[in-house]
Amino acid sequence: MNWFTTGGWEVDRHGERLFRDDAGLPGGLQGVRARLRRAYLRHIDRCNAAFSELLHQHGIETIDLPFAGELLAKVRPAKEPFAVLVLDACRFDLGCRIAEALDGGEPSRRSEVQAARAPLPSITPLGMPFALADDASHIRIELVGEPSARWRVTSHDATQDLTLAEGRREWLRKRFKLKPGATTDVKTILEASPSTPREAGRLLFVFGDEFDTQGHDGELKFSGADEHIERYVRVVRRIRDAGYSTVAIVTDHGFIHWDPDHDEVESLPTGDILWRSRRAVVGRGLKHPTAIAAPVAGSDLECRVPRSINAFRTYGGIGFFHGGATLQELITPVIIFRWPKKTEKVAAVLTPISEITSLTPRVEVRAGISQTTMFGADAKMTGRQIIVKIVEPASGRRLFRSQSHKVEAEGQPLTVTLEREPNETCSRGTRLQVEVRDADNDELLDRCDVELKVDLEEWD
């Protein structure tokens with residue numbers, strides 16, 4: 001586990017790149033990539049076979065990691081504003097990548113990544129309550145209903161069913177005496193200005209399930225996680241700018257992508273089976289020659305999980321797996337970001353430009369003056385994501401736009417390339433305006449007037 005959390009997770013970062021859809025890859029490299037994919041999957045199998053053997057010999061109870069909710073309780077400030085981003089299926093490597101993206105360009109490191117563990121089975125109905133509960137011993141788990149049992153999770157201080165999203169939110173509202181706006185979701189944060197601590201209260205919970213949803217749909221494997229990571233980074237920055245100087249990210253479980261070979265699919269355990277999936281079986285009196293035995297926390301139930309990446313012979317088709325006890329499924333990240341109570345974003349200014357002479361114009365953006373001290377960047381300064389636009393002031397039409405870039409307090413000037421908006425036309429000699437704007441809230445940071453020296457034709 002120490003190897004995995006201090007660097008072993010990097011293999012999963014590179015593994016994701018191998019499975020992304022890339023139709024433009026030259027044919028001669030297709031075979032190379034196929035071999036690299038097999039090598040990555042074998043690596044995952046070897047590491048987790050060793051991990052499974054240790055779990056079998058010593059028991060799941062010997063894992064010396066807290067549940068995420070218990071870590072969250074320790075880092076929660078007593079009086080300062082605190083926001084929690086609760087993600088579904090945020091594997092350890094994805095959490096570390098979110099931390100890297102937010103630390104980039106900061107004058108000092110803002111993040112701390114700690115390791116927690118998911119319960120077994122490592123599934124959302126169980127993982128979410130353990131990711132939020134201050135004390136795991138207060139959680140009670142049962143399987144109810146006939147003929148097909150379903151999970152029910154409660155806390156000693158409430159009757160809400162914590163397997164349900166609205167049940168968890170209602171429990172949090174009562175548990176922490178939250179204001180009505182203190183539980184929200186990623187989409188709401190991105191579409192509107194986030195509530196301030198004065199409006200929503202000192203404690204804010206934000207929920208996002210994009211990793212899990214796209215994983216089960218089969219899209220995450222081929223699209224990669226970059227877009228969602230950028231989405232969550234924007235959420236954290238917007239929460240920070242609203243006044244929450246400490247932000248934590250927790251999750252319920254991780255996952256693996258796998259398409260089991262015939263010899264990797266095992267028969268089900270015997271005994272009184274109450275619930276089953278490809279990666280775990282739960283019941284009483286379970287027996288299996290190789291599967292790992294583990295108690296289900298907060299219950300009198302027992303669980304059997306196949307070793308390493310193997311699967312039980314049961315329902316399920318798409319190769320997005322969780323529920324088992326691989327490092328990727330079981331070990332989860334808890335990321336804590338801390339900023340000074342009063343921070344200021346670095347200013348961003350344009351290097352003067354007078355003409356646009358290309359259909360792919362480039363402009364230079366740099367940090368404003370007085371962003372550093374004689375000892376380096378001011379610790380209270382934060383980096384800023386910017387975009388550059390070229391617009392026609394008379395009509396408000398946007399003719400060119402850039403991707404998002406980060407301006408750092410001590411960074412070098414950025415050369416930003418802009419792309420033309422499709423089908424927009426404009427005549428040579430038109431007076432335009434170059435604008436630098438904050439990518440998070442569209443605040444205008446700097447602008448200058450320019451003259452268009454090329455014709456923008458519809459067929460360009």
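All values below come from the heavy atoms of this structure, side chains included, with hydrogens, waters and symmetry mates left out.
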Original post:
Is there a salt bridge (charged side-chain N to carboxylate O under 4.0 Å, His left out) between E10 and R13 once you walk through the steps?
Top reply: CA-CA 5 Å; E10 288 272 12; R13 181 212 295 265; 2.9 Å; yes
Heavy-atom pair of closest approach, residues [X] and [Y]:
X: D272; Y: L286; value: O-CD2, 4.0 Å
X: F92; Y: T332; value: CD1-C, 3.7 Å
X: W171; Y: A133; value: CH2-CA, 3.7 Å
X: P121; Y: V282; value: CG-CG2, 3.5 Å
X: V436; Y: A348; value: CG1-CB, 4.2 Å
X: P125; Y: T163; value: O-CG2, 3.7 Å

Rounded distance [0.5 Å steps], [atom1] in [X] versus [atom2] in [Y]:
X: I331; Y: F4; atom1: CD1; atom2: CZ; answer: 7.0 Å
X: D440; Y: I239; atom1: CG; atom2: CD1; answer: 11.5 Å
X: F222; Y: H257; atom1: CZ; atom2: NE2; answer: 8.5 Å
X: L132; Y: R169; atom1: CG; atom2: CZ; answer: 11.0 Å
X: E16; Y: Y40; atom1: CD; atom2: OH; answer: 9.0 Å
X: D93; Y: H14; atom1: CG; atom2: NE2; answer: 10.0 Å

Below 4.5 Å, heavy atoms only, C-beta onward: do [X] and [Y] meet side chain to side chain?
X: C303; Y: V281; answer: no
X: L204; Y: S195; answer: no
X: L330; Y: L120; answer: yes
X: F320; Y: K221; answer: no

Pairing of [X] and [Y] as salt bridge, 4.0 angstrom limit:
X: R109; Y: D103; result: yes
X: R152; Y: E142; result: yes
X: R384; Y: E443; result: yes
X: E70; Y: R117; result: no
X: E112; Y: R338; result: yes
X: D442; Y: K389; result: yes
X: D161; Y: R168; result: no
X: R398; Y: E421; result: yes
X: R20; Y: D226; result: yes
X: E266; Y: R307; result: no

Original post:
Is there a side chain to side chain contact (heavy atoms under 4.5 Å, CB included) between V153 and R140 once you walk through the steps?
Top reply: CA-CA 6 Å; V153 180; R140 295 291 177 263; over 6 Å; no
**OP:** Establish, yes or no, whether the cationic atom of R110 lies under 6.0 Å from the six-membered ring centre of F337 and within 45° of the ring axis.
**Re:** no
Would you say [atom1] of [X] has more than 12 non-hydrogen atoms from neighbouring residues, nucleotides or ligands within 6.0 angstrom?
X: Q412; atom1: CD; value: no
X: D300; atom1: CG; value: yes
X: R447; atom1: CZ; value: no

Spell out, as yes or no, whether a donor-acceptor pair under 3.5 Å connects the side chain of [X] to the backbone of [Y].
X: S122; Y: G323; answer: yes
X: S402; Y: V388; answer: yes
X: T154; Y: T159; answer: no
X: K406; Y: G104; answer: yes
X: T251; Y: A89; answer: yes
X: D446; Y: L350; answer: yes
X: R279; Y: R276; answer: no
X: T213; Y: E210; answer: no
X: H288; Y: S267; answer: yes
X: T6; Y: N2; answer: yes

Original post:
Relative to each other, are the rings of F211 and Y232 parallel, tilted or perpendicular (30° and 60° limits)?
Top reply: perpendicular
**OP:** Give me the ring orientation class for F130 and F67: parallel if the planes are under 30° apart, tilted from 30 to 60°, perpendicular past 60°.
**Re:** tilted
Original post:
Please walk me through it: do E227 and R231 pass salt bridge (charged side-chain N to carboxylate O under 4.0 Å, His left out)?
Top reply: CA-CA 6 Å; E227 181 179 342; R231 184 176 171 88; over 6 Å; no
**OP:** Go through the steps for H228 and Q214 under the test side chain to side chain contact (heavy atoms under 4.5 Å, CB included), then give the verdict.
**Re:** CA-CA 10 Å; H228 298 309; Q214 285 217 332; 3.0 Å; yes
Subject >> Residue from D88, D212, T326, L220 passing side-chain contact (heavy atoms from CB on, under 4.5 Å) with F255 >> reply: L220
Compile the donor-acceptor pairs under 3.5 Å between side chains in residues 41-50 and protein atoms, sequence neighbours left out, one pair per line.
unit_1, atom_1, unit_2, atom_2, d
R42, NH1, D45, OD2, 3.0
R42, NH2, E264, OE2, 3.2
D45, OD1, S308, OG, 2.8
N48, OD1, L327, N, 2.8
N48, ND2, I44, O, 3.0
N48, ND2, Q328, OE1, 3.1

**OP:** Kindly indicate, with the supporting measurements, whether the criterion side chain to side chain contact (heavy atoms under 4.5 Å, CB included) is fulfilled by K345 and D241.
**Re:** CA-CA 9 Å; K345 286 186 177 181; D241 294 346; 2.8 Å; yes
Subject >> side chain to side chain contact (heavy atoms under 4.5 Å, CB included) between F82 and Y244, intermediate numbers included >> reply: CA-CA 6 Å; F82 182 52; Y244 292 90; 5.6 Å; no
Sequence neighbours left out, cut at 3.5 Å: what donor-acceptor pairs do the side chains of residues 174-183 make with other protein atoms?
unit_1, atom_1, unit_2, atom_2, d
R175, NH2, D134, OD2, 2.5
K179, NZ, R198, O, 3.0
T183, OG1, R173, NH1, 2.9

Original post:
Does any donor atom in the side chain of H405 or Q385 lie under 3.5 Å from an acceptor atom in the other side chain?
Top reply: no
**OP:** Walk me through it: do H253 and T124 pass the test side chain to side chain donor-acceptor pair (under 3.5 Å)?
**Re:** CA-CA 7 Å; H253 57 75; T124 298; 3.1 Å; yes
